[in-house]
There are 4 protein chains.
Amino acid sequence: MTIGVIYGGSRENGNTEVLTEQIIHDIPVERIYLSEFEIKPIEDQRHVVGGFQNVNDDYNSIIDRIITHDILIFSTPIYWYSMSGTMKLFIDRWSQTLKDKRYANFKDVMSSKIAYVIAVGGDEPFLKGIPLIQQFQYIFEFIGITFGGYILGSGNKPNDVLRDEQALAIACQLRKTLKLLPTDNI
Amino acid sequence: MTIGVIYGGSRENGNTEVLTEQIIHDIPVERIYLSEFEIKPIEDQRHVVGGFQNVNDDYNSIIDRIITHDILIFSTPIYWYSMSGTMKLFIDRWSQTLKDKRYANFKDVMSSKIAYVIAVGGDEPFLKGIPLIQQFQYIFEFIGITFGGYILGSGNKPNDVLRDEQALAIACQLRKTLKLLPTDNI
Amino acid sequence: MTIGVIYGGSRENGNTEVLTEQIIHDIPVERIYLSEFEIKPIEDQRHVVGGFQNVNDDYNSIIDRIITHDILIFSTPIYWYSMSGTMKLFIDRWSQTLKDKRYANFKDVMSSKIAYVIAVGGDEPFLKGIPLIQQFQYIFEFIGITFGGYILGSGNKPNDVLRDEQALAIACQLRKTLKLLPTDNI
Amino acid sequence: MTIGVIYGGSRENGNTEVLTEQIIHDIPVERIYLSEFEIKPIEDQRHVVGGFQNVNDDYNSIIDRIITHDILIFSTPIYWYSMSGTMKLFIDRWSQTLKDKRYANFKDVMSSKIAYVIAVGGDEPFLKGIPLIQQFQYIFEFIGITFGGYILGSGNKPNDVLRDEQALAIACQLRKTLKLLPTDNI
């Protein structure tokens with residue numbers, strides 16, 4: 001089994017990345033930093049003759065990478081009580097992939113995956129991050145992904161999250177779970 | 001009092017716009033279609049020496065327009081159980097404006113406003129649109145905006161929402177409220 | 001089709017009842033006032049030898065009445081951001097009925113029903129009543145009931161809710177829906 | 001500082017109690033088992049001449065005990081996606097205490113407390129227990145209690161929760177927090 005980590009943040013070594021790396025630093029994973037790619041906003045062409053048009057950006061190359069993994073970790077800072085706009089742009093485009101003949105089995109492939117959400121914010125994330133978790137709950141339910149679990153960490157200034165003992169305890173637990181997997185070399 | 005409508009959708013005359021226009025079609029408002037503008041993702045530079053750098057895009061010009069209005073209507077299709085990525089990009093950037101000396105009174109100005117959310121989706125929006133409403137609840141609470149109300153409409157194919165009698169009834173009610181306002185010419 | 005209204009409030013002519021009666025006052029329904037009955041708290045005996053013991057109270061007589069109806073309206077004041085304790089006692093006991101041989105088809109029977117929730121509270125119910133709606137969402141999902149819709153009304157002092165124009169508009173809409181049903185005499 | 005544990009379950013040594021005792025088994029606390037007491041449903045007499053009437057049950061004796069503690073742990077099984085009906089009956093009555101001259105400083109006293117919620121359920125509690133947490137969020141906000149944190153554990157059959165490694169990890173963390181407190185003898 002292989003693991004893909006999808007980073008939605010814009011700051012290098014931000015708290016979300018710091019918390020995520022506590023879990024995966026010595027586990028073989030593929031890290032995908034969405035901010036390094038160009039992802040255009042979806043244009044809703046579901047009801048247009050001809051359907052969705054090809055988009056000239058990096059989106060498909062990211063899809064090509066994540067569909068190969070068995071486990072996905074969505075790791076995003078909590079910006080304004082939800083995932084980063086960059087990660088949202090990425091997920092919005094799934095609507096297009098669902099109609100794309102080149103990815104005819106997209107939903108089936110996604111349905112075999114387990115996903116975790118790691119989100120860190122500065123304003124009472126264990127309460128005010130809840131709508132974000134519910135949003136992922138519906139996203140995963142729709143696409144068929146099994147929701148393995150989540151961590152809502154607290155942090156504002158660099159490395160703050162390392163003082164969130166509860167988040168670290170759950171991270172440690174998730175680390176154990178992932179370490180037990182028969183991970184392939186990647 | 002004046003009204004600004006912030007459209008987050010990508011489709012012309014989409015259901016969200018159709019529902020919103022039921023309310024405002026003959027009320028003087030300023031319509032802002034976010035998809036017509038370039039809005040770059042925020043780069044979190046809160047903890048960088050020198051702080052946020054100027055960004056060369058259309059974001060500030062939109063802020064300049066919305067801060068003049070007393071009432072804001074956030075009108076977005078529900079994409080993947082939240083606002084569109086485009087609208088999220090826009091709101092994420094508020095973090096930058098909050099630190100921008102040219103908008104030193106941004107929070108104060110926003111605190112005087114009343115906002116409404118109009119969101120239309122295809123998958124049980126009256127239940128699965130709830131996390132989106134809670135996100136806006138926290139967003140408005142943080143920035144100080146009064147949350148005037150919301151409409152969760154149902155629609156998929158073009159004009160579907162015109163058959164959502166409940167959404168139309170609430171829209172009609174909101175229309176009456178807005179019509180009673182001493183609206184300035186704009 | 002017949003309609004059963006399950007009232008969870010403790011005050012006669014409270015705002016929740018006033019709003020509900022706007023909808024049903026001249027439609028034939030059966031009104032069940034839970035506060036008039038003795039409903040004991042559930043004792044969790046799922047894992048006890050012999051299972052649940054008979055309880056000497058009015059609970060079963062209420063079940064006997066609601067299972068005959070096609071449409072159920074759960075009408076409760078919002079006490080502390082959820083349904084009244086009395087209504088909660090009633091629903092908690094469903095766990096027992098699910099194991100009761102005399103109601104072997106309880107889940108099947110409930111699965112054929114459509115339910116509406118009408119809830120009135122004094123503290124921003126259109127936002128802070130949301131967790132209550134989500135609880136009902138999961139309750140109905142578990143037992144198989146179709147969630148037809150809900151109204152979150154605002155009111156504190158007697159008859160306050162009659163000034164909540166939005167709640168009244170939705171109520172009016174629900175009234176139209178119910179009036180269209182081929183209602184049996186009851 | 002002293003700790004009061006308010007148990008809402010009906011089953012001895014149920015999963016909620018098992019998880020809670022992992023935290024407190026050797027910490028001096030006062031345990032209050034709500035199921036051992038008679039708590040009548042609130043009668044909403046806020047708007048009646050004369051106000052709330054005295055109720056002849058055990059409710060006030062429980063209030064007398066909890067107001068003495070600095071930390072409260074609300075420990076309830078998740079019944080139908082919310083707290084037990086018994087615990088709801090108890091909290092509903094706070095509305096009466098808020099108007100009771102004998103408890104004139106009830107809100108002030110409650111405002112000085114920190115509370116934790118421990119809830120165990122059998123149906124995806126880490127997702128479907130979320131509305132319960134939001135309900136407690138609003139309850140504590142209203143009465144002024146600081147929400148210290150929560151644990152959503154998973155369990156159905158007796159002792160199931162002891163296999164929920166994540167819940168145990170958070171419990172262990174909460175245990176450390178409570179152990180650090182300068183606890184008085186009680």
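Model, not experiment: these values are computed from the prediction. Keep in mind that the numbers below use all heavy atoms, side chains included, and drop hydrogens, waters and symmetry copies.
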I'd like a table of all donor-acceptor pairs linking chain D to chain C (distance under 3.5 Å, no angle check), giving the atom names and the distance to one decimal.
residue: D:S10; atom: OG; partner: C:D44; partner atom: N; Å: 2.8
residue: D:R11; atom: NH1; partner: C:D44; partner atom: OD2; Å: 3.3
residue: D:R11; atom: NH1; partner: C:H47; partner atom: NE2; Å: 3.4
residue: D:D44; atom: N; partner: C:S10; partner atom: OG; Å: 2.9
residue: D:D44; atom: OD2; partner: C:R11; partner atom: NH1; Å: 3.3
residue: D:R46; atom: NH1; partner: C:N156; partner atom: OD1; Å: 2.9
residue: D:H47; atom: NE2; partner: C:R11; partner atom: NH1; Å: 3.4
residue: D:H47; atom: NE2; partner: C:N156; partner atom: O; Å: 3.2
residue: D:Y79; atom: O; partner: C:K88; partner atom: NZ; Å: 2.9
residue: D:W80; atom: NE1; partner: C:I91; partner atom: O; Å: 3.3
residue: D:W80; atom: NE1; partner: C:S95; partner atom: OG; Å: 2.9
residue: D:S82; atom: OG; partner: C:Q135; partner atom: NE2; Å: 3.4
residue: D:M83; atom: O; partner: C:K88; partner atom: NZ; Å: 2.5
residue: D:G85; atom: N; partner: C:D92; partner atom: OD2; Å: 2.7
residue: D:K88; atom: NZ; partner: C:Y79; partner atom: O; Å: 2.9
residue: D:K88; atom: NZ; partner: C:M83; partner atom: O; Å: 2.5
residue: D:I91; atom: O; partner: C:W80; partner atom: NE1; Å: 3.3
residue: D:D92; atom: OD2; partner: C:G85; partner atom: N; Å: 2.7
residue: D:S95; atom: OG; partner: C:W80; partner atom: NE1; Å: 2.9
residue: D:Q135; atom: OE1; partner: C:Q135; partner atom: NE2; Å: 2.7
residue: D:N156; atom: O; partner: C:H47; partner atom: NE2; Å: 3.1
residue: D:N156; atom: OD1; partner: C:R46; partner atom: NH1; Å: 2.9

Next on the checklist: Taking side chain as everything from C-beta outward and backbone as N, CA, C, O, which of these in C:L127 sits under 4.5 Å from a heavy atom of chain D? Side chain, backbone, both or neither.
Outcome noted: backbone

Next on the checklist: Under 4.5 Å from any heavy atom of chain D, what part of C:I42 do you find: side chain, backbone, both or neither?
Outcome noted: both

Item to check | Set of side chain to side chain contact (heavy atoms under 4.5 Å, CB included) partners for D:L89, sequence neighbours left out | outcome: C:L89, D:I39, D:P41

Item to check | Interface moiety of D:M87 toward chain C, non-hydrogen atoms closer than 4.5 Å | outcome: neither

